[in-house]
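Heads up, the thing below is written out as structure tokens.
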Amino acid sequence: MSTLREDAQSLHEQLVPHLPDDCADEYDVDALETLFDSYVNTYRVPRTQAFESVRGHVLKEAGIDTDAFWAAQRDGERGTTDDPLPLAECTTDNEWVTIRAKVVELWEPQHESIHQVGLISDESGRLKFTAWAKSDPPDIEEDTTYTFKDVVVEEYEGSYSVKINSRSEIIEHAHDSEEAVTDVGTMTTTQEGFFVAIQGQSGLIKRCSASDCTRVVTGGECSEHGAADGEFDLRIKAVIDDGRTAQECLFTRGVTEEITEIDLEEAKKMAADTLDFTVVSDRFTDLLIGRRFTVEGPLLGRYLLVDEVGETPERAFSEGYQEAVVELLAEHNYDGPGLTAASIEDLPRSYDVQAGGVGGD
Amino acid sequence: MYRRAVWEATESMATSDSQTRQGATVPDREVAKHVFAAELNEATYTFKTSQDERAPVYLALPTGERANRVCVMGTVTDVEDVGTDDQEYLRVRVVDPTGTFWVYAGQYQHEALKKLKKIQPPEFLTVIGKPRTYKTDDGTINVSLVPEDVGIVDVKTRNSWVFEAARRTLERVGSARETSPKVAALAREQYGHDGSYFAHVAAFALQNLLDGDDSAANLDEETIEERLEEAEAKGYDVDGKKPEQESK
């Protein structure tokens, strides 16, 4: 076991960067050793508890900023101001990180304890951030890139966010600087395929209007706030499937209106005319099922949050099918018979892959 | 605040996802394969990958891949109630360039049933559903589809599917032996051939697509019906019996 002197030395090393100038001498190694001695030998503090007890005592007595002190004690902080950690990698709860990101959106804080809250984004992804009022953080602005030094990753029920604390350092980057994030969240996924299912709670929905709640109101009740009137919104939860991958996709109001050409007002009218919400999702299903689209957007959990959407055949077949067909057959080295057959029953029932033209090799 | 709603909504989804990853089971959704009627109707062998009663049932496609769900399109030529007096059971014929899909919808396919009842043939239809096999009295095995969802589509969408189904068929012929060797071996054993001639079927369907290309964009009902008659004359769609061959 270490001697009291050694403990005093290592504690001194930890404390030195944080000691206010005027009391640096008060807590030199000798003074700390005396303190240890008094704790252990006079006040019978168990040896194993001594280090933490003395440290706690000094932190308090010397008025050291504890947030900053503990931050500095954490080793393995990832990301530096020169080489910040991509947001997509901020997935360890309680990890201290340095990141560089653009403020995409500021939200209205729902409580006075929150100074600012919103979304930040870099090339790899986006995260919610919270700056607590008690840590007196500087104001940050939408659409500006900052380096956030020493922020803490928080995990809550599987989703991550970052917390700005009093130790955090926030460095603003000019819009035209090298550091400025230009492409936010380009870690997008593209999925092409057919609409094979429109899931429940698609179409015209109501969201709970209680502050800080966005749950879907079903049967006039919010699962959190009970009876609720709610606000109308449009969305589609769907499966787009190309025969290889079945991707669940979330279309928010904007893209929903774009692909269905039905806007919120019209949807409300449809529902009002029939006294039935489900006509909207039925109509969406009729419009979309079986159609082939390419969607693009970031992955959030199981869902692809659709930013961009386009119907696919238009591109490939705008000039007719001739070219595409010839290309496809060539791609598969097809030179077999059959293209002019009046009936497929006339086709040979077997075909030697190795010798013939249907090879896939 | 609207964007926030999106964020929060998806966050809670991410949450439920992480929970499933931790053990609760929401199995991955089975993909929907694109298969021509000619191939589907020959896919009479089914298998499971586990003993579990609820384990998914797969068809072994002759081209060597498995299919638990399919996405098909074609022309509805007939909707018939083959159920009892008090229980509706619809049999729907959907014709693609290569043959007929037999779609059956009963009380448990409520949504699909509702939509199928409204159809006035001919109309282009997409069917997303699960293939089922059943043995007829004379011992032959037929393949039918239980629809999960159906929808009327336009000719462009239908054509797009024909192209896609041809592409997937050619891909399976070319590479199923490598990409799904077990099913490919099983199919070869069960059907006695390697399914490679479905490349011809795909090519045929593509040719069909080209033949209809010029007028495809504005087919009126009359021409559709003419074509259907032609098709029926060629024997694609005669009560599910083996088609008569007219050109021999």
Measuring from atom [atom1] of [X] to atom [atom2] of [Y], what distance do you get when rounded to the nearest 0.5 angstrom?
| X | Y | atom1 | atom2 | value |
| --- | --- | --- | --- | --- |
| B:Lys115 | A:Asp282 | NZ | CG | 6.5 Å |
| A:Arg292 | B:Thr126 | CZ | OG1 | 12.5 Å |
| A:Gln247 | B:Arg29 | CD | CZ | 11.5 Å |
| A:His332 | B:Arg167 | NE2 | CZ | 7.5 Å |

For [X] and [Y], work out which heavy atoms get closest and say how close.
| X | Y | value |
| --- | --- | --- |
| A:Gly290 | B:Thr157 | O-CG2, 3.2 Å |
| B:Ile128 | A:Phe195 | CD1-O, 3.9 Å |
| B:Ala199 | A:Tyr334 | O-CE1, 3.6 Å |

Which residue out of A:Ile198, A:Asp242, A:Thr285 racks up the most heavy-atom pairs below 4.5 Å with chain B?
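Winner by heavy-atom pair count: A:Asp242.
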Among A:Asp241, A:Val239, A:Val196, whose side-chain contact (heavy atoms from CB on, under 4.5 Å) with B:Val31 holds?
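It is A:Asp241, the one option of A:Asp241, A:Val239, A:Val196 that forms the side-chain contact (heavy atoms from CB on, under 4.5 Å) with B:Val31.
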Which class fits the ring pair A:Phe194 and B:His34: parallel under 30°, tilted 30 to 60°, perpendicular over 60°?
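If you compare the ring of A:Phe194 with that of B:His34, the planes turn out tilted.
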Pairs of heavy atoms under 4.5 Å with chain A: top-ranked of B:Glu30, B:Glu171, B:Met73, B:Arg158:
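If we count pairs closer than 4.5 Å to chain A, B:Glu171 comes out on top.
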Measure B:Val70 against the heavy atoms of chain A and call it side chain, backbone, both or neither at under 4.5 Å.
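Looking at B:Val70, nothing touches chain A.
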